[in-house]
Enquirer: 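One structure is given below, represented as C-alpha cells, and several questions about it will come after.
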Amino acid sequence: MIPFLDLKQINAQYKKEILEACEKVIDSGWYIYGKECKAFEKEFASYCGAKYAVGVANGLDALTLIIRAYKELGIFKDNDEIIVPSNTYIASILAINENNLNPILVEPNIKTYNIDIDRIEEKITSKTKAIMVVHLYGQAVEMKKVMELSKKYNLKVIEDSAQAHGAVDSTTFKKVGNIGDASGFSFYPGKNLGALGDGGAVTTNDKILAETIRALGNYGSHKKYKNLYKGINSRLDELQSAILRVKLKYLEKEITHRREIANYYIDNIKNRDIILPKIVNQLSHVWHLFVIRTPKREELQRYLLEHNIQTLVHYPIPPHKQVAYREWNRNCYTISEKIHNEVMSLPISGIQTLEDTQKIIDIVNIFDKKGF
C-alpha cells in the first residue's frame, strides 16, 4: 500500500532530535508559555518575515482570535461582513461566525481553486470590514490586487495560511503570513509544518494586535490575575513548541522535495480524464496537497485503492452545502460545487519516493484505457 500520508515515517526522520527536545522540556518543569514557545514564536515570525508570532492552540483559534482582537480594538463589530472564498475548509468561515460577523462568500478561480480576485470588489458593501484570503492546498493567492482593494476601501486583510507555510506570493514577493494585516497558521500533524498534536499561530506586523491576541488566548489576561478581556484558553504548549522548533529547521527541505514530486506528477501524468493543478510559479506553491480533478472521481479513487494507492478528497462538501449552514443550502456557487464534486488528492509528502510516485503515475495513466 502506498499511503496517502505516512506521518510515522515523516516524524521518524527527526525522532532523535524530537526526543531530545521533549526531554529538555520535561526536565525543565515548565510546560506552558516558557522558553520553547517564546523561541519558536521568534523563529517562526522570522521565517515568515513578520515581526510577531503568537502561538495558539490550533489553526481555527488563530483565525478566530484575529477577528476577536479586531472587535476588542473597536475595528470590527457584530454583523460586520468579511469576504471569504466559498471554496475553502469550513474553519475559515466558522471563525467569522464565531465572532458574530457575517461571511460573504466569493467564488474561486477554477484554475487555482483560490478566491477569484476579480469577483471580490462587487461583494464589498458599507458593512465590509475585511477580506479573508485562503492560500488553499498550499498555493499563495496573488495578493497585489487584494492589497490594493484593501487600501481603496479601508479593509483589513486576513490570511488563512493553514496549508501554506513557506509559500511566496508571486505579485508581492513576500511569504504568506507577512502580506496581509494578520495571518492564521495551523500546525495540525498533517501540515507541511506539523506538530504531534494540535497547534497554531498568528503572525502580524501589528504590535498592538499581537498583544491583544496573546491576552485573549490567555483567559483575557495580559498580566497574571489581571484580565482585560473575557478571553479563552488557547496557548501553544512547550512540548509542541519544542517539536515545531526541530521541524521548522527542515521545512524548506520538505517543501523542496514536495515540489520535486509535484513537478514529476505534472510532467508525467497523461490522461485525458485528469485535470492537473495549475501553478503561478514554483515558489508560490508548497504542495500541502496535490489536487487533481476528474468527473470520474469515484471510479478513479476506487481503482487506485484496488491497486494499493490511498487517496483522499479535499473536500467533498462545500461549506454552503453543509448541514451546519442549512440556511445557505439552496444557494448556488456553481464553480465551488464543480470543484468539490471533482477534486481528489494524490499522495505527496516530504518522504515520498520517485519510485512510488512513478507507480502512481503508471496506474493513473492507464485508468479508463483498458476497461477499468
Side-chain angles (χ1 to χ4, degrees), residues 7-66 69 161-162 165-166 177-178 182-205 207 209-229 231-255 350-351:
L7 288 176
K8 182 179 178 180
Q9 291 304 314
I10 288 170
N11 289 307
Q13 303 173 95
Y14 317 119
K15 184 175 179 179
K16 183 175 183 293
E17 288 183 73
I18 287 172
L19 288 174
E20 289 172 352
C22 290
E23 185 176 27
K24 182 179 176 183
V25 171
I26 293 167
D27 290 346
S28 76
W30 194 303
Y31 308 123
I32 299 289
Y33 198 56
K35 292 180 180 179
E36 293 298 323
C37 183
K38 291 175 184 176
F40 173 71
E41 288 176 340
K42 184 177 180 180
E43 290 161 7
F44 189 65
S46 176
Y47 174 78
C48 295
K51 291 181 180 178
Y52 309 103
V54 181
V56 297
N58 54 68
L60 174 56
D61 280 3
L63 296 173
T64 302
L65 286 168
I66 290 169
S161 304
H165 320 64
N178 184 36
S183 179
F185 287 88
S186 167
F187 304 125
Y188 180 77
K191 305 297 186 187
N192 291 15
L193 179 60
L196 299 191
D198 272 321
V202 174
T203 58
T204 182
N205 292 311
K207 183 179 181 181
L209 182 70
E211 290 173 346
T212 306
I213 289 169
R214 189 178 301 285
L216 284 168
N218 187 38
Y219 299 93
S221 174
H222 66 301
K223 188 178 293 186
K224 196 166 186 178
Y225 302 130
K226 292 187 177 182
N227 299 74
L228 287 173
Y229 314 106
I232 63 171
N233 176 10
S234 182
R235 300 173 298 199
L236 184 65
D237 68 59
E238 284 290 280
L239 276 172
Q240 298 302 341
S241 298
I243 292 164
L244 288 165
R245 288 188 70 196
V246 171
K247 296 183 74 175
L248 180 59
K249 294 187 296 184
Y250 302 102
L251 179 56
E252 285 299 314
K253 182 197 78 170
E254 293 259 346
I255 291 171
I351 61 166

Enquirer: With salt bridge (charged side-chain N to carboxylate O under 4.0 Å, His left out) as the test, would you mind laying out the steps for K249 and E43 before giving the verdict?
Expert: CA-CA 10 Å; K249 294 187 296 184; E43 290 161 7; over 6 Å; no
Enquirer: For residues V246 and A21, report the shortest heavy-atom separation together with the two atoms involved.
Expert: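 That would be CG2-CB, 4.0 Å.
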Enquirer: Measure the spacing between CG of L239 and CD1 of I18 and express it to the nearest 0.5 Å.
Expert: 11.5 Å
Enquirer: Kindly give the heavy-atom pair with the smallest separation between S234 and D61, and that separation in Å.
Expert: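 Scanning both residues completely, I find the closest heavy atoms to be OG-OD2, 2.7 Å.
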Enquirer: If you define the side chain from C-beta out and look only at heavy atoms, does anything of T203 sit under 4.5 Å from Y52?
Expert: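 In short, these two side chains do not touch, never coming nearer than 4.5 Å.
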Enquirer: Using a distance-only test with no angle check, is there a side-chain donor-acceptor pair under 3.5 angstrom linking Y33 and R214?
Expert: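 Note: Y33 and R214 side chains meet the donor-acceptor criterion.
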Enquirer: Rounded to the nearest 0.5 Å, how far apart are CG of D198 and CG of L60?
Expert: 10.0 Å
Enquirer: Could you check whether any side-chain heavy atom of Y219 comes within less than 4.5 Å of a side-chain heavy atom of K224, counting everything from C-beta outward?
Expert: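 A side-chain contact is absent here, since even the closest heavy-atom pair is not under 4.5 Å.
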Enquirer: Please find out if less than 6.0 Å separates the ring center of H165 from that of Y47.
Expert: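 Ring-ring flag for H165/Y47: false, centres at least 6.0 Å apart.
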Enquirer: Where do P189 and G197 come nearest, in terms of heavy atoms and distance?
Expert: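 Shortest heavy-atom contact: CD-O, 3.4 Å.
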Enquirer: Can you tell if the side chain of L244 reaches within under 4.5 Å of the side chain of F44, non-hydrogen atoms only?
Expert: no
Enquirer: Which value, rounded to the nearest 0.5 Å, describes the distance between I10 atom CD1 and I351 atom CD1?
Expert: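 I10 atom CD1 to I351 atom CD1 measures 5.0 Å (nearest 0.5 Å).
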Enquirer: Please examine the side chains of R235 and N233, heavy atoms only from C-beta on, and report whether any two atoms are closer than 4.5 Å.
Expert: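 With C-beta onward as the side chain, the pair touches.
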Enquirer: State plainly whether the residues K247 and E254 are in salt-bridge range, i.e. N to O under 4.0 Å.
Expert: no
Enquirer: If we only count heavy atoms from C-beta on, is the E36 to R245 side-chain gap below 4.5 Å?
Expert: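 Of all side-chain heavy-atom pairs linking R245 with E36, at least one is under 4.5 Å.
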Enquirer: Ignoring hydrogens, what is the shortest heavy-atom contact between A201 and A62? Give both atom names and the distance.
Expert: O-CB, 3.5 Å
Enquirer: Does OH in Y188 sit with more than 12 non-hydrogen atoms of other residues, nucleotides or ligands closer than 6.0 Å?
Expert: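 Result for OH/Y188: open.
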Enquirer: How many angstroms lie between OG in S183 and CD1 in I66, if you round to the nearest 0.5 Å?
Expert: 6.5 Å
Enquirer: With a 3.5 Å distance limit and no angle check, can you tell me whether N205 reaches the backbone of K51 through a side-chain donor-acceptor pair?
Expert: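 Yes.
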Enquirer: Indicate the atoms forming the closest heavy-atom contact of C48 with F185, along with that distance.
Expert: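 For C48 versus F185, the nearest heavy atoms are SG-CZ, 3.8 Å.
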Enquirer: For E238 versus I32, what's the shortest heavy-atom pair and its separation?
Expert: CG-N, 3.7 Å
Enquirer: With the threshold set at 4.0 Å, does a side-chain nitrogen-carboxylate oxygen contact exist between E20 and K16?
Expert: yes
Enquirer: Any donor-acceptor pair under 3.5 Å linking the side chain of S221 with the backbone of A215?
Expert: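 Not confirmed, S221 side chain does not pair with A215 backbone.
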Enquirer: Can you find a pair of side-chain heavy atoms, one from L19 and one from K15, that are under 4.5 Å apart?
Expert: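 Of all side-chain heavy-atom pairs linking K15 with L19, at least one is under 4.5 Å.
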Enquirer: Could you go step by step and tell me if I232 and L65 meet the side chain to side chain contact (heavy atoms under 4.5 Å, CB included) rule?
Expert: CA-CA 9 Å; I232 63 171; L65 286 168; 4.0 Å; yes
Enquirer: Atom OG of S186 and atom CG of L193: how far apart are they, to the nearest 0.5 Å?
Expert: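 Spacing of OG (S186) from CG (L193) equals 9.5 Å.
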Enquirer: Can you check whether K38 reaches K42 side chain to side chain, under 4.5 Å on heavy atoms?
Expert: no
Enquirer: Quick one: pull up OH in Y31 and CG in D237 and give me the separation to the nearest 0.5 Å.
Expert: 11.5 Å
Enquirer: Got K35 and W30 here, is their nearest side-chain heavy-atom distance under 4.5 Å?
Expert: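 No - every pair of side-chain heavy atoms lies 4.5 Å or more apart.
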